[in-house]
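Presented below is the structure to which this report refers.
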Amino acid sequence: MAPPNPFWVQRYLRDHNLDALLGEAVNQAVEQRSTDPAASLAQYFTVLSKRNGEVTKISARRTFSSDLKPAVELSVECFFNGGTRIACTTVGEPVEIKAPPVEGEEEEAAAEDEETTPEEKLSRLVDRTIENVNQVVGPALQGIHASATIECDEALKGLASAPTILSSLALAEAGAANRAEPLYLFVAKANAELIEKGKAALGGGHLVEVPSAEQLLNEEEKPAPADVQEEPAGAEEGEEGEKEFVPRGLPVKLPVVMVPAISCAQDAARRVSIKQVWLMTKRDEALKDAVPKLISTYQHLKTAMEAKAAEAAAAPPEEGGEEAPAGARVQDDDGFFLVPNAADAAEVLGYIEAAVGAAGLVYGEDISVCCNMSAQDYFVPNSLEVGTYCYKPEGQGEDSLAVEADNWADYLCSFLDANPAVLALEDVAANEDYETWRKVRLKVEERPSTVTILGAAIFDDNIDLYRTGTAEGWAAGTVLRAERLGTLSDVVDAATIFTAIPPPSRALRVVLSHRPGARAGEADADMAVGIGAWAIKSGPPTHASIPKLNRLIWIEEDLARMGHAAEHEGLVDAQTAHLVSWEQVFAAEEQAISDYAEAAQAAEQGP
């Protein structure tokens, strides 16, 4: 092949600015101290390609989940350097496809469902999901760039039967792979960009003004004064002339990890004010240390609950009582240990305190708890005087304790005083008892210890209720259920409603719920870190949920690795994100509120 005309070569280089790009690529390789320049240059130009990352194919096939049940394996194939590559392969739960009802077929379908076993239903559901992905989702997403999360998610939401959260997270993973960055950073950028753009219709990010993710990542160094020697980026001079390292990149937070502990939901008499209890790691403790403590506590609790169940099965029935059924369940499907005959909340929390002690840990310090009150279950309207309503947390009998709504906040504060290891309460009032929600939150926040009031059922995964609830101060946070919100964009939008609140109010907290039946735990971990979740709910610490816990620890290590490289090896630009503790977050919020109050006072006084 004859060499090209030098004139056209020079024109091609000029038209595409290749000289400047090549210079930047070489400089980047030198800054990173790359031992493989060809790989560094290839990576630089790969990221610059506009076509790299376009979706060429989305396919699904049958596989098995970690608990040996049929599941869906979804793969995303993207254009890459003139060819294609599989950018993401993930396994998730099958999705119920709700086609428009056809007249005359509803009764036939219902009869068919009654005749089939749960295993057959699951198998059919997997087959329908696979068919839907291959025939509907794949063709609809072809040609869209996997990094264009909003565009991908809008396309998914336009498909009536798309498995949205599974497909959305798979596309986000493919987009992150195209950018050669971890998924948590990809989500964190989307979160920061949404806040900066101020899309009121998609989450209320307009309430604050912060630098965009791109500005944070590519911020240029400020020129030093002429008479001062310029210092390397990433360092500031301290009071004694020492250079203090300044982290670069997006600030991210690691969530508290929660696993299921005890459920009282099967107590027909409803004598316990708690429906569920979750174990929680210590806030800001290194996850590599906190997660083993959580697992150890869970294992000791499991041993105690199994022994208690065996003892109850062997004991003779009480006079007039029924004999305990053989082989009674110890756990429910979500991993909670069942305590159907507990006398009160103190007995339930006592089991957890004993398990924490058996693990050699300190209850309330190493391990804390979150209690789901599910107060809707014992809310009684108009039960005492005319026009009043109450809560009956210790049974529905005529002689059972009845607490008027006006006194319900005091009741809960007394409960917290008696149980200082409780650091979060969920669903503390009835779903439409908004006034009591506000009273509870204000009363609890007046206490010296910090307890977070979370709302789940009251918001019902509804964006409008999120906005109304944050404006009216119902709760101090919420539990986001990704599978009900729809797509990754929807989760980010919902999160910013709570986390992007400016002074004089405090930002609210979000907890990312565990996805029932989901096996893509690693993506959930990245999503929680990316949206700045205060906590993440996991399944019980078994082989099915270990990938999520391992991923959280990996993210922690990745942030530490970037920080060490930037501070001690001079690779400042390699630090694309840095870890911020929750104590730092709380201190910054208090400072912002104080600054706002001072500014408001100065404005009132005038010049």
* Would you please test V369 and L423 for side-chain contact (heavy atoms from CB on, under 4.5 Å) and show each step? => CA-CA 6 Å; V369 295; L423 293 190; over 6 Å; no
* Take D460 and R484, measure what salt bridge (Lys or Arg N to Asp or Glu O under 4.0 Å) needs, and give me the verdict at the end. => CA-CA 9 Å; D460 195 30; R484 292 193 61 181; 3.3 Å; yes
* **Residues E446, R441; criterion salt bridge (Lys or Arg N to Asp or Glu O under 4.0 Å); working and verdict** => CA-CA 9 Å; E446 290 175 356; R441 179 188 172 186; over 6 Å; no
* Steps toward side-chain contact (heavy atoms from CB on, under 4.5 Å) verdict (I536, V256) -> CA-CA 6 Å; I536 179 173; V256 169; over 6 Å; no
* To do: Apply side-chain contact (heavy atoms from CB on, under 4.5 Å) to the pair L512 and M527, showing each step before the final yes or no.
  => CA-CA 8 Å; L512 187 64; M527 183 162 52; 3.8 Å; yes
* Asked: Could you walk me through whether R283 and E583 pass the salt bridge (Lys or Arg N to Asp or Glu O under 4.0 Å) check?
  -> CA-CA 9 Å; R283 188 181 63 210; E583 289 302 322; 2.6 Å; yes
* D433 and Y391: CA distance, side-chain angles, deciding distance, side chain to side chain donor-acceptor pair (under 3.5 Å) verdict -> CA-CA 11 Å; D433 189 4; Y391 293 87; 2.7 Å; yes
* To do: Start with the C-alpha distance between D377 and S374, add both sets of side-chain angles, then the distance that settles side chain to side chain donor-acceptor pair (under 3.5 Å), and finish with yes or no.
  => CA-CA 6 Å; D377 295 345; S374 191; 2.8 Å; yes
* To do: Evaluate the criterion side-chain contact (heavy atoms from CB on, under 4.5 Å) for residue pair T63 and V72; output intermediate values, then yes/no.
  => CA-CA 6 Å; T63 187; V72 178; over 6 Å; no
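The two atoms that bring I458 and W474 nearest to each other are CD1-CE3, 3.6 Å, heavy atoms only. Here the shortest heavy-atom pairing between E556 and E285 reads OE2-O, 4.4 Å. Taking all atoms of both residues into account, the shortest heavy-atom contact from P292 to L287 is CD-O, 3.8 Å. Heavy atoms only, all atoms of each residue included: I453 and A475 are closest at O-CB, 3.6 Å. Nearest heavy-atom pair, A523 versus E173, reported as atom, atom and distance to 0.1 Å: CB-OE2, 3.9 Å. Heavy atoms only, all atoms of each residue included: Y389 and P381 are closest at CB-CA, 3.6 Å.
Shown here are the ring pair (Phe, Tyr, Trp, His ring centres under 6.0 Å) partners of Y466, two or more places apart in sequence or in another chain: F459, F498.
Between the side chain of W437 and the main chain of A430, a donor-acceptor pair closer than 3.5 Å is present. The main-chain N or O of A343 is found under 3.5 Å from a side-chain atom of E347 such that the two form a donor-acceptor pair. Under a 3.5 Å cut-off, the side chain of T281 and the backbone N or O of A290 do not form any donor-acceptor pair. With S123 contributing its side chain and E119 its backbone, the two residues share no donor-acceptor pair below 3.5 Å. Looking only at distances, no side-chain donor or acceptor of S513 sits under 3.5 Å from a matching main-chain atom of L480. Put simply, the side chain of S168 gets close to the backbone of L488: a donor and an acceptor are under 3.5 Å apart. Q584 contributes a side-chain N or O that, together with a main-chain N or O of S581, makes up a donor-acceptor pair within less than 3.5 Å. Under the 3.5 Å distance criterion, the side-chain polar atoms of E394 are left unmatched by any main-chain donor or acceptor of L401.
Under a 4.0 Å N-O distance rule, the pair K282/D366 does not qualify as a salt bridge. For R438 and E435, the salt-bridge test passes: some basic side-chain N is under 4.0 Å from an acidic carboxylate O. Comment: E589 engages R509 in a salt bridge, judged by a side-chain N to carboxylate O separation of less than 4.0 angstrom. Salt-bridge check for K275 with D427: failed, with every basic side-chain N at 4.0 Å or more from each acidic carboxylate O. Salt bridge status for D127 with R124: absent, with no side-chain N to carboxylate O gap under 4.0 Å. Using a 4.0 Å cut-off between a side-chain N of Lys or Arg and a carboxylate O of Asp or Glu, E472 and R467 do not qualify as a salt bridge. Using a 4.0 Å cut-off between charged side-chain N and carboxylate O, D417 and R447 make a salt bridge. A salt bridge does not link E522 to K548: none of the charged side-chain nitrogens sits closer than 4.0 Å to a carboxylate oxygen.
Looking only at side-chain heavy atoms (C-beta outward), D334 and P260 stay at 4.5 Å or farther from each other. Side-chain contact between I352 and L279: present, with at least one pair of heavy atoms (C-beta onward) separated by less than 4.5 Å. Residues C264 and V348 meet the side-chain proximity criterion, which asks for heavy atoms closer than 4.5 Å. Side-chain contact between P255 and V529: present, with at least one pair of heavy atoms (C-beta onward) separated by less than 4.5 Å. Counting heavy atoms from C-beta outward, N191 and T496 have side chains that approach closer than 4.5 Å. Side-chain contact between L169 and T90 is absent, with no heavy atoms from C-beta onward closer than 4.5 Å. Between F415 and V422, some side-chain heavy-atom pair lies under the 4.5 Å cut-off. In this structure, L254 and L579 have side chains that are in contact, with non-hydrogen atoms separated by less than 4.5 Å.
In E432, the CD atom is not crowded: 12 or fewer heavy atoms of neighbouring residues, nucleotides or ligands sit closer than 6.0 Å.
Rounding to the nearest 0.5 Å gives a distance of 13.5 Å between CD1 of I531 and CH2 of W534. In this structure, the separation between OG1 on T487 and NZ on K157 is 4.5 Å, given to the nearest 0.5 Å. Rounding to the nearest 0.5 Å gives a distance of 7.5 Å between OG1 of T164 and CG of D490. Within the model, atoms OG of S273 and CE of M373 stand 4.0 Å from one another, a figure rounded to the nearest 0.5 Å.
By the 6.0 Å and 45° rule, K439 does not stack over the aromatic ring of W408.
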